[in-house]
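Computed from a predicted model, the values in this text were never measured in an experiment.
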Amino acid sequence: MALVELVMPKMGESVMEGTILNWLKKPGDRIQQDESVLEVATDKVDTEVPSPFNGILKEIRATQGQVVQVGSAIAIIETDVNQSNVSEPVTPAATPQTTSVPAQQFQPVQRTAPVETAATAHSSAQPGTPRNGRFYSPLVLNIARQENISLAEVETIAGTGKDGRVTKNDLFDYIQAKKDGKVAPANEEQPVTQQAPKEDKKASAPTEPAYVAKPAASHGGNVEIIQMDRMRKMIADRMVESKRISPHVTSFVEADVTNIVYWRNRWKNDFMEHENVALTFTPIFIEAVVKAIKDYPMVNISIEEDKIIVKKDINIGIAVALPSGNLIVPVIKNADQLNIVGLTKKVNDLAKRARQNKLTADDLSGGTYTVSNVGSFGNLMGTPIIVQPQAAILALGAVVKKPAVIETPQGDTLGIRHMMFLSHSYDHRVIDGSLGGMFVRRVADYLENFDVNRKIFV
């Protein structure tokens, strides 16, 4: 028998921490390999963490609601395997031996106590690292760096989050109040750890925060107050953040998709019979977007400070509305390597698992460009908000019949055509109107020139 640590697993390339939602097991419970032990929420998805081995849950080290860094111990499990089969001993053989094990793999752990000096206080601050008894998320630290807010200033902000944590909105409110002259500038040159100790006990007493967030307003009259759930708060924060970061510009193009409508009507029944999934418009539109990205790769980018990062992979995010009313954006990785059958299966799979709350963090990471089908709600067009750190997003409007001018060798004539609007929002810091407009026009060209005689099965 051996004691091992179950650590917070890495649940996506950009996920650095997780929040303990609920423990599915209690100390003393027997756990089977791959059996779910707890539920974890990240900034991307809620998921269950399985046990990588059989054993008994001996100790829980992270409580419900606690934010835990990836790789940190969250529980101790007594395994049914010999220590020699797990890893090399890290403690004397006479004592119980403990090894850290992330989900799905075994890994020895070495513990060293971090030492922080005043000179490295700001640069070495890590997400979740306590500062004067407080914790700061990666986003709060990043925003502070971008806005040239010193760590000393951040520490003066009274947080409204759990256990007094400084939230993104607290920091934004502080920044705005500072611009309005409502907050005295902090002495950025003096690190908070350089204060010389004094014999007067008052010197160590906590000081009153320089800035306190405004309390929630009271509401009169006949109203219903609904507390946002975690996902809705996350969406709200990200939408505000995106509008703050990126100056949005939207270009519109109307496309004639009559050939696509006729082609889909011809193939949809055979496709359902052959592949057992519905052939919708969305994968056809995504195919056109992928082709246009290849023609204009400078929309498939992100920004890091003063650098433009051109993404060679084409990973298309698709906005999916959930039964709860919330929105989630799973990603089709390497969409340019899939044909129309592969795209259709991937779209259906991701949309189905999104509505069943079965997406993984990897399903939601790595997107380089996003498509939102607002037409599924009967909307003609929209002005979508960019999914950060991407630089553009395309809204697909409803396909409607309308009279249109048809150009023929014999002259112009009127006819009933299937038309739709494409709405392209882009980050004007790096994408100008010419590029943003040419890109959406190219998408429309691919849709209008769709081969109505195209074979779906080869």
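- The CD1 atom of Ile386 lies 5.0 Å from the CG atom of Asp427; values are rounded to the nearest 0.5 Å.
- Minimum interatomic distance between Val299 and Ala392 (heavy atoms only, all atoms of both residues): O-CB, 4.4 Å.
- Between Ile245 and Arg429 the shortest side-chain heavy-atom distance falls below 4.5 Å.
- Here NZ of Lys291 is found 9.5 Å from CG of Leu447. Values are rounded to the nearest 0.5 Å.
- Note on ring orientation: taking the six-membered ring where Trp is involved, the planes of Phe457 and Trp267 are perpendicular (angle over 60°, cut-offs 30° and 60°).
- Taking the side chain as every heavy atom from C-beta outward, Val37 and Ile74 never approach each other to under 4.5 Å.
- With hydrogens and angles ignored, the 3.5 Å screen pairs no side-chain donor or acceptor of Ser242 with any backbone N or O of Arg238.
- Heavy atoms only, all atoms of each residue included: Val70 and Pro9 are closest at CG2-O, 3.9 Å.
- In this structure the side chain of Asn54 never reaches within 4.5 angstrom of the side chain of Glu35, judged on heavy atoms.
- Within the 4.5 Å cutoff, the side chain of Pro330 has heavy atoms near those of the Ile318 side chain.
- Proximity of a side-chain donor or acceptor of Arg61 to a complementary backbone N or O of Ile76 within less than 3.5 Å is not detected.
- Between the side chain of Asp170 and the backbone N or O of Gly159, no donor-acceptor pair lies under 3.5 Å.
- Residues Ser51 and Gln32 approach most closely at CB-O, 4.0 Å, considering heavy atoms.
- Asn339 contributes a side-chain N or O that, together with a main-chain N or O of Val341, makes up a donor-acceptor pair within less than 3.5 Å.
- Between the side chains of Asp362 and Thr360, no donor N or O sits under 3.5 Å from an acceptor N or O.
- Distance check: His418 NE2 to Asn265 CG gives 7.5 Å after rounding to the nearest 0.5 Å.
- Put simply, the side chain of Asn449 gets close to the backbone of Asp445: a donor and an acceptor are under 3.5 Å apart.
- Relative orientation of the Phe439 and His424 rings is tilted, given thresholds of 30° and 60° on the angle between their planes.
- Between the side chain of Glu48 and the main chain of Leu38, no donor-acceptor pair closer than 3.5 Å is present.
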- Message: What verdict does the side chain to side chain contact (heavy atoms under 4.5 Å, CB included) test give for Asp295 and Tyr446, after you've listed the backbone C-alpha separation in whole Å, the side-chain angles of each residue and the deciding distance to 0.1 Å?
- Response: CA-CA 11 Å; Asp295 295 339; Tyr446 280 122; 2.6 Å; yes
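- Applying the salt bridge (charged side-chain N to carboxylate O under 4.0 Å, His left out) rule to pairs touching residues 273-282 yields Glu275-Lys345, sequence neighbours excluded.
- The side-chain hydrogen bond (donor to acceptor under 3.5 Å, both in side chains) test applied to Gln176 returns Asp180, not counting sequence neighbours.
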- Task: For the pair Ile456 and His274, evaluate side chain to side chain contact (heavy atoms under 4.5 Å, CB included) and give the outcome as yes or no after the intermediate values.
- Result: CA-CA 11 Å; Ile456 197 170; His274 191 274; over 6 Å; no
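- In this structure, Asp432 contributes its side chain and Ser434 its backbone to no donor-acceptor pair below 3.5 Å.
- Salt bridge status for Asp229 with Arg232: absent, with no side-chain N to carboxylate O gap under 4.0 Å.
- The two residues His248 and Pro384 make their nearest non-hydrogen contact at CD2-O, 3.9 Å.
- Using modelled atom types, no side-chain atom of Asp313 and backbone atom of Asn334 make a donor-acceptor pair closer than 3.5 Å.
- Looking only at side-chain heavy atoms (C-beta outward), Phe450 and Glu287 come within less than 4.5 Å of each other.
- Here the CZ atom belonging to Phe285 is positioned 7.0 Å from the CG atom belonging to Asn373, to the nearest 0.5 angstrom.
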- List the steps and the verdict of side chain to side chain contact (heavy atoms under 4.5 Å, CB included) for Glu39 and Leu24. CA-CA 7 Å; Glu39 295 176 336; Leu24 305 176; 4.1 Å; yes
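- Sorted by first then second residue, the side-chain hydrogen bond (donor to acceptor under 3.5 Å, both in side chains) pairs that include residues 393-416, not counting sequence neighbours, are Glu254-Lys402.
- Taking CD1 from Ile393 and OH from Tyr369, the interatomic distance works out to 8.0 Å, rounded to the nearest 0.5 Å.
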- Task: Before giving the answer on side chain to side chain contact (heavy atoms under 4.5 Å, CB included), spell out for Arg244 and Ile143 the whole-Å C-alpha distance, their side-chain angles and the decisive distance to 0.1 Å.
- Result: CA-CA 11 Å; Arg244 182 190 68 82; Ile143 294 174; 4.2 Å; yes
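- No side-chain donor-acceptor contact under 3.5 Å links Tyr174 and Thr156.
- Annotation: side chain of Ser365 is in contact with side chain of Lys333 (closest heavy-atom distance under 4.5 Å).
- By the 4.5 Å heavy-atom criterion applied to side chains, Thr250 and Met381 are not counted as neighbours.
- Contacts classified as salt bridge (charged side-chain N to carboxylate O under 4.0 Å, His left out) and involving residues 348-360 (residues at least two apart or in different chains) are given here: Asp349-Arg353, Arg353-Asp363.
- At a threshold of 4.5 Å between non-hydrogen side-chain atoms, the residues Leu6 and Pro52 count as touching.
- Taking all atoms of both residues into account, the shortest heavy-atom contact from Ile316 to Val290 is CG1-CG2, 4.1 Å.
- Listed by chain and residue number, Lys168, Asn169 satisfy the side chain to side chain contact (heavy atoms under 4.5 Å, CB included) test with Asp237 (two or more places apart in sequence, or in another chain).
- Looking only at distances, a side-chain donor or acceptor of Gln390 sits under 3.5 Å from a matching main-chain atom of Thr370.
- Between the CD atom of Gln227 and the CD1 atom of Ile225 there is a distance of 9.5 Å, given to the nearest 0.5 Å.
- Minimum interatomic distance between Leu57 and Ala75 (heavy atoms only, all atoms of both residues): CD1-CB, 3.8 Å.
- For the side-chain hydrogen bond (donor to acceptor under 3.5 Å, both in side chains) test, residues two or more places apart in sequence or in another chain that qualify with Asn300 are Thr368.
- In this structure, the side chain of Glu448 engages the main chain of Asp256 through a donor-acceptor pair within 3.5 Å.
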